[in-house]
Amino acid sequence: MRAVRRRTRTGTWDRFVASDPGLLRLMAGLRTVGAIALTLVVLALLGTDVTHMVAGAMAAMVSTFAIKEKEVRGQAVTLALGLPVALTAISLGALLHDQVVAGDIFFIALIFGAVYSRRFGDRGTALGLIGFQVYFVSLFVGATTSALPRLYVALAVAFACSAVVRFAVVPETPGRDLGRLRVAFRARFAQLVATQIELLDATPEQLEKVLGELRRGTSRLHETALMIQGRLEEGTPDAATATLVQRRVADAEIAAERLGVLLLNARSAERADTLTLHLPYAPVPATGTRIRAEDDATVTLRRDLKALHLLVGRPVADDRGTGLAHVRNRLLGYRDEDNLPRASMAVQDVFRGIGEAARAVLGLRIALDGPQDESDDSPATTRSREEFDAEDIAIAGAEETASPDEDDRTGLRRPTTRAAFQVSVGSTLAIIGGEFLSTQRWYWAVLTCWVVFLNTASTGEILVKGYRRLLGTVLGVVAGVALAGLVGNHTWVAFALVLLFIFAMFFTAPLSYALMSFFVTAMLGLLYTLLNTYSLAVLWLRIEETALGAACGIIAAVLVLPVRTDHRTDELLNTVLTRLADVISASVEQLSGGPAADLLDKARDLDTALDDLRASIQPLTHPITPLRGRRRTARYLVALLETCAYHARSLAATAELVPFSKNVAADPRLERAGLRIAHNIEVIAGYVDDDKASGEVESGASIASMLEAEGSGAPRSGTVTYRVLRHLQRLDEGVVGLARPLDVPVADGGRSSGKAPRA
């Protein structure tokens with residue numbers, strides 16, 4: 001019974017870890033709430049009044065969440081520089097308290113400087129945010145020159161408490177974050193394998209639901225892999241270790257995704273299009289008879305998928321005895337053709353996929369947890385270890401090459417400069433309009449205008465963010481009215497609820513901006529109660545000011561140096577196409593016998609560009625958009641690109657094995673196979689960049705048949721060349737499929753057509 005409870009607790013914790021990769025949201029919320037709580041306790045012991053306790057709490061909040069640097073030393077320097085910035089901002093706020101015009105002019109100048117400072121990286125962003133928010137605090141509490149000494153004490157205490165919590169109570173270090181992300185990656189990998197087991201057994205009625213879970217699981221695993229990638233450089237002792245971990249994580253991600261595609265293919269009456277795995281609401285493949293519950297091969301497949309789930313989910317510390325080693329050896333044996341069960345070709349491909357996934361798990365364990373016990377290794381396991389050793393030696397001897405992407409735009413074309421002018425104009429409009437609504441609380445409109453510009457790059461993104469903030473504010477006002485009546489004059493109950501809402505605000509911020517705005521507004525209702533300024537009229541004014549600020553931000557985005565959403569997405573689409581071409585060309589070159597290249601870095605650049613594109617099209621795919629046709633087109637394009645990225649990553653992972661593996665040999669025939677894909681990507685990128693571009697996308701016979709027509713002969717099924725050609729064929733189909741929604745002309749077998757065929 002105790003073992004059952006322990007497994008239940010472990011499973012619940014794994015699900016929570018998987019839902020919050022690296023516990024980053026949890027740690028951010030605890031760090032912020034801890035800094036505020038400690039500040040309130042210290043200020044209460046010093047006999048500080050409620051108004052200055054509120055100021056200290058808000059200063060502790062901003063001094064904690066504003067700092068985003070990964071290195072501890074950098075965090076300490078920024079926090080130390082933030083205190084004089086905060087003291088200066090609160091002083092100017094108090095001095096300009098009665099100078100309406102001068103105060104407004106300075107506020108606009110401060111806003112411009114705070115946004116412009118983002119060009120100087122994380123430190124510039126943090127100091128600008130601290131300056132703006134502390135000046136806002138001075139407006140919120142009505143700071144005056146006579147109150148400055150007490151405000152100085154409150155700010156000093158807030159920054160000191162923030163430092164104590166950040167560096168001692170809830171420390172934030174790259175190594176700790178990376179360690180927690182590793183646990184999250186394992187948990188999400190295990191969840192994805194569990195979903196794949198459900199896919200094997202799902203009835204036709206259940207298939208659509210399971211496919212949705214499979215898409216979400218694949219996306220979450222990819223998200224965690226990217227988060228690990230972003231912390232490798234600071235969280236590992238040297239560049240070679242970072243490269244090694246990056247390679248093993250990428251191998252595991254690709255193997256897991258490929259296993260899902262192979263299972264989906266085996267479940268389908270016809271060969272499944274991998275687009276089904278990436279496009280929401282895609283037609284569910286027809287269920288065929290390739291997998292039958294009573295087949296011996298299916299029974300073995302179900303058993304081995306469960307064994308893989310055990311292998312993924314079991315931490316190294318829990319490895320005891322030889323049972324797990326024998327399970328691993330059996331799964332790795334499927335990499336050898338002689339060990340495959342008698343079954344259809346599609347089902348045998350699934351067994352091969354299980355073998356590759358087991359190899360990826362082994363490599364991940366070696367990279368993250370060091371050498372393993374080799375006493376029970378089978379020949380297949382020994383061969384996998386030898387491949388890893390060869391790769392490790394190559395990584396250790398490789399020279400580190402850095403190729404940072406630098407923004408060469410200058411002047412008004414630089415995003416930070418453009419945003420600074422836009423926010424300044426929008427804030428000016430918000431101040432003017434806010435003064436008409438309220439001479440005392442006009443700053444809420446300015447705050448909303450400021451916030452809707454954060455982390456946005458186009459007019460459409462600002463529109464969606466403004467809508468979400470207004471929705472969250474309206475709902476938060478309703479909650480604030482109810483809570484204010486319940487709390488009454490109970491000061492510490494109100495502070496406790498404020499802390500709870502702040503934690504919820506930070507925990508939900510990456511998930512839902514509307515939900516975060518709800519918690520912010522509900523918290524403000526409690527703060528007004530603490531300051532004895534609460535009324536229903538005040539909260540209604542909050543809605544009006546929020547709507548005004550969002551409108552001013554949108555007007556500024558449209559009229560001042562506008563960045564149209566379609567221009568932004570075209571720019572990012574071109575970047576994705578360029579990165580895709582780089583990965584495919586380098587992979588095919590290495591697979592056909594060319595020199596080795598850092599393919600995983602190129603694949604990660606592709607992933608990053610695709611994530612940027614996915615974020616930029618949110619205004620086009622949002623439910624409120626009236627352009628239904630554009631929404632479907634945008635989703636289709638991104639799904640096609642995700643499919644292409646999957647096959648490109650798989651190509652890169654296979655090509656990486658060429659210098660080290662005994663079973664993966666270069667094939668010169670593949671060089672010819674990639675030429676058409678490269679040409680088609682170049683043509684599409686040209687049309688995205690310029691509507692008047694020339695050229696046609698080539699379509700026609702499959703890549704495999706092209707090689708066979710040249711007298712090379714078709715590769716045997718199950719070989720590496722066959723797998724590579726299958727990825728290239730899917731890439732060819734996917735790239736041609738991009739031409740149709742982008743209105744790029746297609747030439748099919750020498751005949752020109754104005755539209756591309758459906759993928």
Side-chain angles (χ1 to χ4, degrees), residues 51-52 54-56 58-59 61-63 66 78 81-120 123-152 154-156 158-159 412 416-454 541 545-546 548-550 552-553 555-557 560-561:
T51 300
H52 294 92
V54 169
M58 295 179 74
M61 180 175 68
V62 68
S63 64
T78 303
L81 293 174
L83 180 57
V85 171
L87 294 176
T88 303
I90 203 79
S91 300
L92 290 169
L95 291 171
L96 298 172
H97 178 72
D98 297 322
Q99 307 295 321
V100 177
V101 176
D104 291 348
I105 293 174
F106 173 75
F107 199 13
I108 294 171
L110 176 63
I111 289 170
F112 181 90
V115 177
Y116 187 77
S117 65
R118 296 183 204 171
R119 66 174 297 185
F120 301 109
R123 181 164 299 161
T125 302
L127 295 179
L129 189 56
I130 289 171
F132 171 83
Q133 292 285 3
V134 172
Y135 191 86
F136 174 83
V137 169
S138 73
L139 298 173
F140 185 76
V141 301
T144 59
T145 52
S146 61
L148 278 178
R150 286 170 291 172
L151 287 171
Y152 289 160
L155 291 182
F159 273 76
L412 296 179
T416 50
T417 306
R418 179 193 296 114
F421 278 105
Q422 288 177 325
V423 178
S424 300
V425 172
S427 298
T428 302
L429 297 175
I431 289 173
I432 295 171
E435 289 278 5
F436 281 106
L437 289 176
S438 171
T439 57
Q440 292 182 324
R441 296 186 175 85
W442 52 268
Y443 45 78
W444 288 122
V446 181
L447 180 66
T448 299
C449 181
W450 158 279
V451 169
V452 297
F453 274 96
L454 290 178
L541 178 64
E545 296 280 3
T546 299
L548 174 65
C552 291
I555 291 171
V560 181
L561 305 173

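The shown structure was predicted, so the numbers you read here are calculated from the model rather than taken from an experiment.
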**Prompt:** Does any non-hydrogen side-chain atom of Leu81 lie less than 4.5 Å from one of Arg123?
**Reply:** yes
Exercise. Would Thr125 and Arg118 count as having a side-chain donor-acceptor pair, cut-off 3.5 Å?
Worked result: no
So CD1 of Ile111 and OG of Ser424: to nearest 0.5 Å the spacing works out to 6.5 Å
request  = May I ask you to test the Met58-Val54 pair for a side-chain heavy-atom distance under 4.5 Å?
outcome  = yes
With sequence neighbours left out, the residues meeting ring-ring contact (aromatic ring centres under 6.0 Å, His included) with Trp444 are Phe136, Phe140
CD1 (Ile108) and CD1 (Ile431) are apart, to the nearest 0.5 Å, by 4.0 Å
Looking at Ser117 and Gly124, would you say the former's side chain and the latter's main chain have a donor-acceptor pair under 3.5 Å?
yes
Side chain to side chain donor-acceptor pair (under 3.5 Å) pairs touching residues 82-106, sequence neighbours excluded, are Ser91-Tyr152
Could you tell me if the side chain of Leu151 sits less than 4.5 Å from the side chain of His52, heavy atoms only? yes
Sequence neighbours excluded, the answer for side chain to side chain contact (heavy atoms under 4.5 Å, CB included) partners of Ala419 is Val115
- With a 4.5 Å limit on heavy-atom distance, are the side chains of Phe436 and Leu548 in contact? no
In short, Cys449 meets Cys552 closest at the heavy-atom pair SG-C, 4.5 Å
Quiz item: Distance-only, no hydrogens or angles: does the Gln422 side chain make a donor-acceptor pair with backbone N or O of Val560 under 3.5 Å?
Solution: yes
The reported gap from CZ in Phe132 to CH2 in Trp450 (rounded to nearest 0.5 angstrom) is 5.5 Å
Here the pair of heavy atoms bringing Val62 nearest to Ile130 is CG2-CA, 4.1 Å
- Phe107 ring center near Tyr443 ring center (under 6.0 Å): no
Exercise for review: Examine distances only and state if a side-chain atom of Ser63 and a backbone atom of Ala59 form a donor-acceptor pair shorter than 3.5 Å.
Suggested key: yes
Scanning both residues in full, the closest heavy-atom pair of Val141 with Ala55 reads CG1-CB, 4.1 Å
What one should report as the nearest heavy-atom pair of Leu127 and Val85 is O-CG1, 3.8 Å
Would you say Glu435 has more than 12 foreign heavy atoms packed within less than 6.0 Å of its CD?
-> yes
Closest non-hydrogen contact found for Ala89 with Tyr135 is O-CD1, 3.5 Å
Heavy atoms of Ala126 and Thr78 approach each other most closely as CB-CG2, 3.8 Å
